**Student:** 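I am attaching a structure below and will ask some questions about it afterwards.
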Amino acid sequence: MFLFPVCSPFLTSPSCLSVFPPPEMKGKNPWNTPTTIIITVIGIIAIVALVTVAVLQNRHLPQKYKYGIVLDAGSSHTSVYIYKLCQIYTVGISSYASAPWKAGESLRACMQDVEQQVPKKRHRQTPLYLGATAGMRLLKYNSSMSDGVLQAVEEALQKFPFSYQGARILSGQEEGAFGWVTVNYLDDRLSQVCGLETTGALDLGGASTQISFVSDKYNGSESPSNSVNFRLYGNDYNLYTHSFLCYGKDQALLMTQSVPEMLNDPCFNPGYTAIKNYSKIYDSPCLSGWKPQKIPTHFTHNGTGNFQQCQRIVKSIFNFTHCKYSQCSFNGIFQPSLQGQFGAFSAYYFVMSFLNLTDTTMPLEAVKAKLAHYCSTPWNQIKQQHPEVNEKYLAGYCFSGTYILTLLMEGYNFTSEEYSNIKFIKKIKDSDAGWTLGYMLNLTNMIPAEAPDSPLLPYSGYVSLVTIMAILLFILFILCLCPLWTRCSKQPEIV
Ligand SMILES: Nc1ncnc2c1ncn2[C@@H]1O[C@H](COP(=O)(O)OP(=O)(O)O)[C@@H](O)[C@H]1O
Ligand SMILES: [Ca+2]
């Protein structure tokens, strides 16, 4: 706070008169006396200092370049996010149940890469999280081996020089809700003035799938377990979210293959054939209790490539009959009416982008015709057309595309008109869509519950205000000297 010489041409208070100038200065040019020069210099320094402080106070501090690392331990993969993806091309950590130490080992190479990417001087301040999703939820459901896997992962991650914050299994609700936070944070739909419609989040994994959106007609009273409340930037959001365990695309495929007569498969291209192990199907917790009494250990899996027949088989793993609520999606799960736009990411994007079906303005009948054509294409032709694609994925695109359409249209009840409200996305503004960013933002409190103090003026407003003030002050300061001089240069009349 800077005190100005409190004198003004309008003030004729004695204090002002007594300050300027001493009597011996009578009749001399008041402007070149040492007193005046000192006072003027002080005034100018004060004004310059004021302007400097004002500018510094409002200068946008360079955003401290922060890092954060989140490992997404999915059912089929583990990804490391440090604002860019470091994909670990192995299987999900839940696959190491029988040899937990391998789970920790599987992260080493990528974490060493991360150690190179984060500046050394920031290692200690960089929070490191591991969140495991549906693959580990299934392992935990099936056995106590999930603890051994998490422990092995913990030991491996603690060897790295980051600020280790823990490894845990997310609930389906968290996975859905944080995916919604990520999509809306990246799309700048959270820090705006209230009332901006948010975007729903659709996440398709290997072992589970999540749907999360805000519905004006849903206040959480019907089926409270599907309700998550957020207060972000001063706005309240009542989110509907549900995670369908076993309805990720890999587990859904196993469930379709459990259908007894499933040897000739319409969801695989004609000419596709593979010898498969029934135990891989019936070991999944998603099929516990489904195992027929007498089955061979292996079966020959043949593709026949028929989209309509595939749709029928896919629909057979959904239950649309019972619903104790006002309305349901499937398997008796409450779901309010769909509302607004939706971002569909992870496997939704991987599959639909491969099939060239990410354009949701395409009429649904045309989408189905394209998919039917792909499914009926002979397997050899498919392999010739896509030599670079991993056969593990290539063989599954007909099923996965059919599954996605069935899940969206029959499962979540998107109408053919509402289908165009869906956008298949991989990234938003160069960041991957997924739960990890929302998870880290939440844990590091980077999204305030209250709106940040909105500046009364934009930055430029501050600068011009301060500059105007400084000029006015300077003029005032000079004016203050003049009348006092004139008045002060005469001897005060003693009456
Ligand atoms: N390039 C790709 N093409 C097709 N599917 C893919 C591709 N990359 C990953 N996927 C699939 O995306 C899904 C990712 O699931 P993941 O996140 O690991 O599991 P979850 O979220 O259920 O724990 C898996 O089904 C995986 O096979
Ligand atoms: Ca996932």
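Each ligand, and each atom within it, is numbered from 1 in the order the structure gives. These numbers come from the heavy atoms of this one structure, side chains and all, not from hydrogens, waters or symmetry mates. Keep in mind the model is a prediction, meaning the values are calculated, not measured.
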**Student:** Pairs under 3.5 angstrom, nitrogen or oxygen on both sides, ligand 1 versus protein: list them out, please.
**Tutor:**
residue	atom	partner	partner atom	Å
ligand 1	3 (N)	Y397	OH	2.8
ligand 1	15 (O)	G206	N	2.9
ligand 1	18 (O)	S75	N	3.3
ligand 1	18 (O)	S76	N	3.0
ligand 1	18 (O)	S76	OG	2.8
ligand 1	18 (O)	H77	N	3.4
ligand 1	18 (O)	H77	ND1	2.5
ligand 1	19 (O)	S75	N	3.0
ligand 1	19 (O)	S75	OG	3.0
ligand 1	19 (O)	G206	N	3.2
ligand 1	22 (O)	G206	N	2.9
ligand 1	22 (O)	A207	N	2.8
ligand 1	22 (O)	S208	N	3.3
ligand 1	23 (O)	S75	N	2.8
ligand 1	23 (O)	T133	OG1	2.6
ligand 1	23 (O)	A134	N	3.4
ligand 1	25 (O)	D250	OD1	3.1
ligand 1	25 (O)	D250	OD2	3.0

**Student:** Could you check Y325 against F334 for ring-ring contact (aromatic ring centres under 6.0 Å, His included), going step by step and ending with a plain yes or no?
**Tutor:** CA-CA 6 Å; Y325 299 103; F334 168 74; 5.6 Å; yes
**Student:** Does E115 pair with K159 as a salt bridge, N-O distance under 4.0 Å?
**Tutor:**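 No, this pair does not count.
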**Student:** Is a donor from one side chain sitting under 3.5 angstrom from an acceptor on the other, for N226 and S223?
**Tutor:**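 S223 and N226 do have a side-chain donor-acceptor pair below 3.5 Å.
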**Student:** Can you name the closest pair of heavy atoms from L204 and G248 and give their distance?
**Tutor:**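 Looks like CD1-CA, 4.1 Å.
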**Student:** Report yes or no: is the cationic atom of K315 (NZ for Lys, CZ for Arg) closer than 6.0 Å to the six-membered ring centre of Y403, at no more than 45° off its axis?
**Tutor:**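 So K315 doesn't make the cation-pi contact.
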**Student:** Which pairs pass ring-ring contact (aromatic ring centres under 6.0 Å, His included) with one or both residues in residues 413-437, sequence neighbours excluded?
**Tutor:**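 ring-ring contact (aromatic ring centres under 6.0 Å, His included) check on residues 413-437 returns F342-F414, W435-Y439.
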